[in-house]
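Here the structure is laid out as structure tokens; the discussion comes afterwards.
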There are 2 protein chains.
Amino acid sequence: MTPERPASLSKSGRGPSMHDVAARAGVSHQTVSRVLNDFPGIRPETRERVLQAIRDLGYRRNMAARALATGRSEVIGVIMPEVPHFGPTSTLYAIEHAAKRVGFKPLITTASWEPSSMGQALDFLLARSVDALVVMAQHPDVLAAVETTTDVPVLYVLTGNSHAERSVAVDQVAGTRLALEHLYDLGHRRFQHITGIAGLTEAQLRRDTFLAFLDERGLERLPILEGDWSADAGYRAGLAVEEGVTALFCANDPMAMGAIHALEERGLTVPDDVSVVGFDDVPESGYAHPALTTVHQDFTEVGLRAVTALMEIINGREPGELESVEPWLVVRDSTAPAPG
Amino acid sequence: MTPERPASLSKSGRGPSMHDVAARAGVSHQTVSRVLNDFPGIRPETRERVLQAIRDLGYRRNMAARALATGRSEVIGVIMPEVPHFGPTSTLYAIEHAAKRVGFKPLITTASWEPSSMGQALDFLLARSVDALVVMAQHPDVLAAVETTTDVPVLYVLTGNSHAERSVAVDQVAGTRLALEHLYDLGHRRFQHITGIAGLTEAQLRRDTFLAFLDERGLERLPILEGDWSADAGYRAGLAVEEGVTALFCANDPMAMGAIHALEERGLTVPDDVSVVGFDDVPESGYAHPALTTVHQDFTEVGLRAVTALMEIINGREPGELESVEPWLVVRDSTAPAPG
DNA sequence: GCCCGCCATGTTGACGATAACATCGTGGTC
DNA sequence: GACCACGATGTTATCGTCAACATGGCGGGC
């Protein structure tokens with residue numbers, strides 16, 4: 001079942017235009033425009049007549065015409081990863097809510113990090129004359145691709161803290177360190193890590209920070225377990241956790257849940273034998289078994305800051321310093337002092 | 001190759017237009033239009049010259065102008081609930097993927113089911129001359145509100161099976177019955193139900209079907225436990241499950257996870273003492289503890305059918321029968337024969 | 001060799017809004 | 001009472017595209 005592209009669109013009944021409203025109110029179309037745009041200097045009585053005519057006719061502004069005339073659309077283009085993970089999805093909702101408050105709406109498109117896919121997404125959004133662009137840049141390569149293409153304000157979101165300018169992100173290094181220091185402080189010395197999708201910025205940052213941490217503390221580098229964010233992958237990785245490992249740092253919560261499942265199947269108990277830390281603090285993680293210790297990321301704040309900064313840029317002001325959003329550790333029942 | 005942007009054409013920051021391309025290619029703007037729209041009867045050499053000019057200038061079509069001229073926008077408006085739950089989110093992604101294949105993109109806006117909120121969302125989308133509308137109608141009241149407002153094709157999604165015409169949904173009654181019959185067949189006779197948000201169509205259908213099932217089988221109606229889809233609510237409801245209940249039907253998976261957590265805190269074992277069934281089959285449910293028996297809903301199929309049907313309507317054809325999407329039961333470890 | 005017709009392309013006028021400039025009373029100032 | 005400023009509104013041009021109609025050159029049929 002594949003949808004088929006439309007060949008012809010019925011150009012049936014367009015709604016009333018400003019001229020229709022103007023005629024009905026006995027004014028010029030320009031007066032209607034002024035009423036709609038809250039210009040000063042309209043006689044209250046005239047304004048009321050116009051508003052009445054609008055209501056009578058069920059008139060709705062044609063934003064296409066407005067966009068053509070002004071060059072602005074009050075739409076923010078959002079490029080999302082193709083798979084609905086918790087972070088991007090939460091951020092999207094946060095952006096929508098923040099944008100709504102300033103009269104903007106998000107136009108969504110998904111793209112993989114490949115240049116052609118990203119290019120198509122950009123073309124589509126820019127053709128719609130979006131006023132700004134949010135790119136959920138999960139891969140470092142997309143940055144260059146976007147930069148050269150447009151002069152529309154662009155903000156990168158969910159990039160870790162790797163591109164300080166024009167990007168809003170949760171500090172991945174800090175988050176990872178919170179998790180690892182918590183485990184270290186509990187006495188753990190043998191760590192393994194289940195990664196997110198290889199190459200994605202956040203996965204890479206968590207992984208790099210993990211390795212750096214081991215080196216700093218002089219801990220052994222056991223094999224990295226490659227994951228892909230999914231609980232399935234977490235389960236498979238959990239089966240491969242080495243004997244003697246007591247601390248498992250998972251790049252997100254679903255993988256942590258999968259891994260715990262695998263560990264328990266192997267007869268290991270969490271947290272008595274192995275302590276497990278996740279990342280994201282998804283709403284269910286407090287009710288996992290055992291309740292998951294995890295790094296909380298405030299995606300609502302990310303979305304809010306992104307929209308706020310974009311509004312500044314659109315209005316010609318420089319946005320304030322775009323600081324990283326600080327994550328915090330939520331300690332629950334999946335971590336305990338190292339055994340022995 | 002980086003597109004070059006001659007300063008000559010920049011009229012206050014706007015990109016090049018068809019006229020600029022036409023001038024560079026030595027043709028008329030209409031020929032450019034014809035090339036872009038794949039009209040027949042362009043000499044290959046001319047076409048190539050136009051395409052080259054487009055590349056040279058980094059030209060991008062202005063969809064606002066196109067929308068103004070044609071009345072169509074190749075955008076599907078989507079009205080989503082304000083809270084990012086699994087079903088709507090998954091469906092959104094499915095819609096995006098299906099729409100992309102036919103050159104459409106979703107323009108997202110969220111709204112609560114209140115008329116004013118829904119009205120604002122509609123105004124916004126219709127002003128953007130969307131070619132079609134997908135309404136995730138979680139509340140029965142929205143239907144009337146939308147119908148009277150527009151003649152744009154509208155499709156309701158995620159409505160259970162309660163509005164057969166112009167709606168695509170997973171059959172909630174069937175899904176609920178699958179869950180309950182499974183429990184009944186295992187010998188359970190004392191059931192309780194944790195509901196979704198009161199008033200929402202799907203929550204209501206699951207609840208009604210639950211009660212109908214009890215009556216049909218002559219089972220006792222124990223108190224309904226009111227939930228709100230969240231794991232938190234599931235936990236609280238789990239604490240309130242009556243003594244002697246052996247079968248707990250939860251309106252979604254996160255609540256099931258919360259409830260299981262609560263039951264185990266109370267010293268009850270799942271599934272030995274209480275069998276629990278969820279709804280949705282979220283990706284993590286297979287790794288919950290115990291792995292969750294649940295009703296799988298195919299949101300990908302929902303999104304695909306929605307877009308397919310909308311394309312039919314846009315083309316002036318009647319969409320085929322819009323059948324419910326059939327859910328199926330995934331039996332895992334959270335259900336077992338009734339004790340005793 | 002003329003005319004017809006068709007193929008490839010050019011020209012003009014919407015589409016519905018905004019922006020810039022024009023107009024028309026009206027009341028205050030001197 | 002003439003003049004001017006200004007408040008309220010009207011008029012015209014413009015944004016970039018598509019649709020409808022116009023044109024012009026060229027080959028073929030007779």
Side-chain angles (χ1 to χ4, degrees), chain A residues 6-50 53-54 57-75 126-129 131, chain B residues 9-51 53-54 57-75 126-129 131:
Chain A
S8 68
L9 196 57
S10 62
K11 189 176 164 184
S12 63
R14 292 203 192 201
S17 74
M18 271 193 180
H19 284 92
D20 302 316
V21 173
R24 177 161 186 125
V27 298
S28 77
H29 65 108
Q30 182 59 7
T31 298
V32 177
S33 171
R34 284 192 262 254
V35 168
L36 283 169
N37 293 309
D38 276 328
F39 274 61
I42 306 282
R43 212 158 27 190
E45 162 203 324
T46 309
R47 151 178 262 101
E48 192 42 55
R49 217 152 14 103
V50 170
I54 287 175
L57 296 173
Y59 166 79
R60 235 180 313 248
R61 215 190 210 149
N62 181 326
M63 293 306 277
R66 182 185 164 91
L68 179 57
T70 61
R72 313 185 60 181
S73 60
E74 296 182 340
V75 167
L126 293 174
R128 260 73 185 172
S129 36
D131 295 336
Chain B
L9 55 79
S10 40
K11 256 189 172 177
S12 75
R14 289 208 193 204
S17 74
M18 272 191 181
H19 285 91
D20 300 314
V21 173
R24 177 158 185 130
V27 297
S28 78
H29 66 105
Q30 183 58 10
T31 298
V32 177
S33 172
R34 284 192 263 253
V35 168
L36 283 170
N37 293 311
D38 276 329
F39 274 61
I42 306 282
R43 210 157 30 189
E45 161 203 326
T46 310
R47 152 179 260 99
E48 192 42 56
R49 221 158 6 109
V50 169
L51 292 175
I54 287 175
L57 297 173
Y59 165 79
R60 236 179 314 247
R61 214 190 212 151
N62 182 326
M63 293 305 278
R66 183 185 163 88
L68 179 56
T70 62
R72 53 183 293 182
S73 59
E74 297 181 340
V75 167
L126 293 176
R128 260 73 185 173
S129 35
D131 295 336

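The structure displayed is predicted, hence computed values, not measured ones.
- Of all heavy-atom pairs between B/L68 and A/N62, the closest is CD1-ND2, 4.2 Å.
- Here B/T31 reaches the OP1 or OP2 of C/dG10: one of its side-chain N or O atoms lies under 4.0 Å away.
- Between B/M18 atom CE and C/dG13 atom P the separation is 19 Å, expressed in whole Å.
- The separation between B/H29 atom NE2 and D/dA20 atom P is 15 Å, rounded to whole Å.
- At a non-hydrogen distance threshold of 4.0 Å, nothing from residues 38-48 of chain A comes into contact with DNA chain C.
- Here the P atom of nucleotide D/dG16 and the CG atom of B/L36 are 15 Å apart, to the nearest Å.
- Of the side-chain N and O atoms in B/S28, none sit less than 4.0 angstrom from OP1 or OP2 of C/dT11.
- B/D131 contributes atom CG, which lies 8.0 Å from atom OG1 of B/T70 (distance to the nearest 0.5 angstrom).
- Whole-Å rounding puts the B/R128 CZ to C/dG16 P distance at 17 Å.
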From CA spacing to verdict: side-chain contact (heavy atoms from CB on, under 4.5 Å), A/V75, B/R128 | CA-CA 10 Å; A/V75 167; B/R128 260 73 185 173; 4.0 Å; yes
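- Distance from the side chain of B/L68 is smallest to C/dG16 among C/dG16, C/dA17, D/dC18.
- Taking A/R24 as the reference, A/D56 meet the salt bridge (charged side-chain N to carboxylate O under 4.0 Å, His left out) condition, with sequence neighbours excluded.
- Looking only at distances, no side-chain donor or acceptor of B/S129 sits under 3.5 Å from a matching main-chain atom of B/S73.
- Axis angle across the helix from C/dG1-D/dC30 to C/dC30-D/dG1, with five pairs used at each end and values rounded to 10°: 60°.
- Sorted by first and then second residue, the salt bridge (Lys or Arg N to Asp or Glu O under 4.0 Å) pairs involving residues 58-70 of chain A (not counting sequence neighbours) are A/R60-B/D123, A/R66-A/E74.
- Between A/R34 and B/Q30, it is B/Q30 whose nearest contact on DNA chain C lies nearer the 5' terminus.
- In this structure, CG of B/N62 is placed 16 Å from P of C/dT18, rounded to the nearest angstrom.
- As rounded to whole Å, 17 Å separates atom C1' of D/dC15 from atom CZ of B/R66.
- The side chain of A/S17 sits closest to C/dG16 out of C/dA19, D/dC18, C/dG16.
- Side chains of B/S33 and B/L36 form no contact here, defined as non-hydrogen atoms less than 4.5 Å apart.
- When the side chain to side chain contact (heavy atoms under 4.5 Å, CB included) test is applied to B/A22, the partners found at least two apart in sequence or on another chain are B/V27, B/H29, B/V32.
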I'd like a table of donor-acceptor pairs (distance under 3.5 Å, sequence neighbours excluded) in which one partner is a side-chain atom from residues 41-48 of chain B, with atom names and distances.
unit_1: B/R47; atom_1: NH2; unit_2: B/D38; atom_2: OD1; d: 3.4
unit_1: B/E48; atom_1: OE2; unit_2: B/R55; atom_2: NH2; d: 3.1

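- Following rounding to the nearest Å, A/D20 (CG) and C/dG16 (P) show an atom-to-atom distance of 8 Å.
- Summarising the geometry, atom CE belonging to B/M18 is positioned 8.0 Å from atom CD1 belonging to B/I54; distances are rounded to the nearest 0.5 Å.
- As a whole-Å value, the separation of A/N37 CG from D/dA8 P is 17 Å.
- Among D/dC18, D/dG10, D/dC15, the nucleotide with an atom closest to any side-chain atom of A/A69 is D/dC15.
- The residue A/H19 sits apart from the nucleic acid: no heavy atom pair falls under 4.0 Å.
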